[in-house]
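All remarks here apply to the structure that follows.
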Amino acid sequence: MFEALDVNAKDVFSANFVPFRSPAWADLHDPKGAIAFSRNLWTEVLENSPARLFMSLGKAAGPQVAAVVGATYESSHPVGWGKHKIDVYRNDRNQIVLALPHLSRFRIFGNGRTQAAEVVKTAAREAGL
């Protein structure tokens, strides 16, 4: 993914949208409360962020991040792994959110898989990176 973005990993900020440990969204204790807490937390952080591209590793977090930055669904793109897709969201400040299948479960980069890399490259270019 870093190759597709042409960035160094040390230049990337990475965090869990919901900062409470859980093996899956369905296993969260009080999922509605956890999501509400997280939206509030990230709204304060992202309001002042100069970031132009946000990526969620896991499709459930993507719409949540998009809601925080005021982005709406724009399109979906196949990643070359069965029916899985990357969903693209964009706001009026040209910030882009990519909701990817979780990389711990789906190997959508490497081994000749280029569809996901092309989607990421295009989004980065459109975001001005």
Side-chain angles (χ1 to χ4, degrees):
M1 182 167 48
F2 295 124
E3 278 181 37
L5 289 168
D6 193 28
V7 298
N8 190 311
K10 70 180 176 78
D11 295 326
V12 173
F13 173 75
S14 175
N16 290 324
F17 180 76
V18 174
F20 310 115
R21 291 189 59 86
S22 174
W25 283 86
D27 297 331
L28 274 172
H29 174 74
D30 184 19
K32 287 182 182 179
I35 290 171
F37 171 86
S38 300
R39 278 190 176 196
N40 185 51
L41 169 73
W42 288 113
T43 296
E44 289 197 32
V45 172
L46 298 181
E47 279 179 345
N48 299 309
S49 173
R52 295 180 304 250
L53 179 64
F54 303 91
M55 299 174 71
S56 76
L57 304 182
K59 299 292 287 279
Q64 300 300 328
V65 174
V68 167
V69 299
T72 57
Y73 174 81
E74 186 173 87
S75 59
S76 293
H77 305 271
V79 296
W81 184 282
K83 63 180 181 166
H84 297 283
K85 297 181 182 218
I86 294 175
D87 295 332
V88 180
Y89 301 80
R90 186 184 310 261
N91 65 17
D92 59 2
R93 296 179 308 277
N94 203 38
Q95 291 175 307
I96 297 172
V97 177
L98 297 180
L100 284 73
H102 202 289
L103 301 182
S104 70
R105 295 184 181 151
F106 306 101
R107 293 187 177 149
I108 61 174
F109 294 99
N111 298 329
R113 290 180 162 68
T114 60
Q115 286 179 283
E118 289 304 317
V119 172
V120 170
K121 282 181 191 177
T122 299
R125 194 170 40 251
E126 289 176 0
L129 300 177

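Every heavy atom of this structure was used, including side-chain atoms; hydrogens, water molecules and symmetry mates were not.
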* Asked: Around N8, counting heavy atoms of other residues, nucleotides and ligands shown, do more than 12 lie under 6.0 Å from its CG?
  -> yes
* Structure fact -> Rounded to the nearest 0.5 angstrom, the NE2-NZ distance for H84 and K59 is 8.5 Å
* Does G70 offer a backbone N or O that forms a donor-acceptor pair with the side chain of R93 under 3.5 Å? -> no
* **Closest heavy-atom pair and its distance - A123, L53** => CB-CD1, 4.3 Å
* Report yes if the side chains of I35 and K32 come closer than 4.5 Å at any heavy-atom pair, otherwise no. => no
* Please list, chain by chain and in numerical order, all residues satisfying side chain to side chain donor-acceptor pair (under 3.5 Å) with N16, sequence neighbours excluded. => none
* **Minimum heavy-atom distance V119-P78, with the two atoms named** => CG2-O, 4.3 Å
* Asked: Heavy atoms, side chains only, cut-off 4.5 Å: are Y73 and P63 in contact?
  -> no
* Asked: Is the backbone of R52 close enough, under 3.5 Å, to the side chain of N94 for a donor and an acceptor to pair up by distance?
  -> no
* Hey, which of V12, I96, L98, V65 is the one that makes side chain to side chain contact (heavy atoms under 4.5 Å, CB included) with M55? -> L98
* Closest contact, heavy atoms only, G62 versus V97 -> O-CG1, 3.8 Å
* Indicate the ring-plane relationship of F17 and W42, choosing parallel, tilted or perpendicular according to the 30° and 60° boundaries. => parallel
* D87 side chain to A99 main-chain N or O, any donor-acceptor pair under 3.5 Å? -> no
* Structure fact -> Heavy atoms of P101 and I86 approach each other most closely as CD-CG1, 4.3 Å
* Asked: Has the side chain of K85 got a donor or acceptor atom that lies under 3.5 Å from a matching backbone atom of S75?
  -> no
* Asked: Is the side chain of Q64 donor-acceptor paired with the backbone N or O of R39 at a distance under 3.5 Å, no angle test?
  -> no
* To do: Determine, stepwise, if the pair L100 / V79 fulfils side-chain contact (heavy atoms from CB on, under 4.5 Å).
  => CA-CA 9 Å; L100 284 73; V79 296; over 6 Å; no
* Side chains of F54 and L46: closer than 4.5 Å at any heavy-atom pair? -> yes
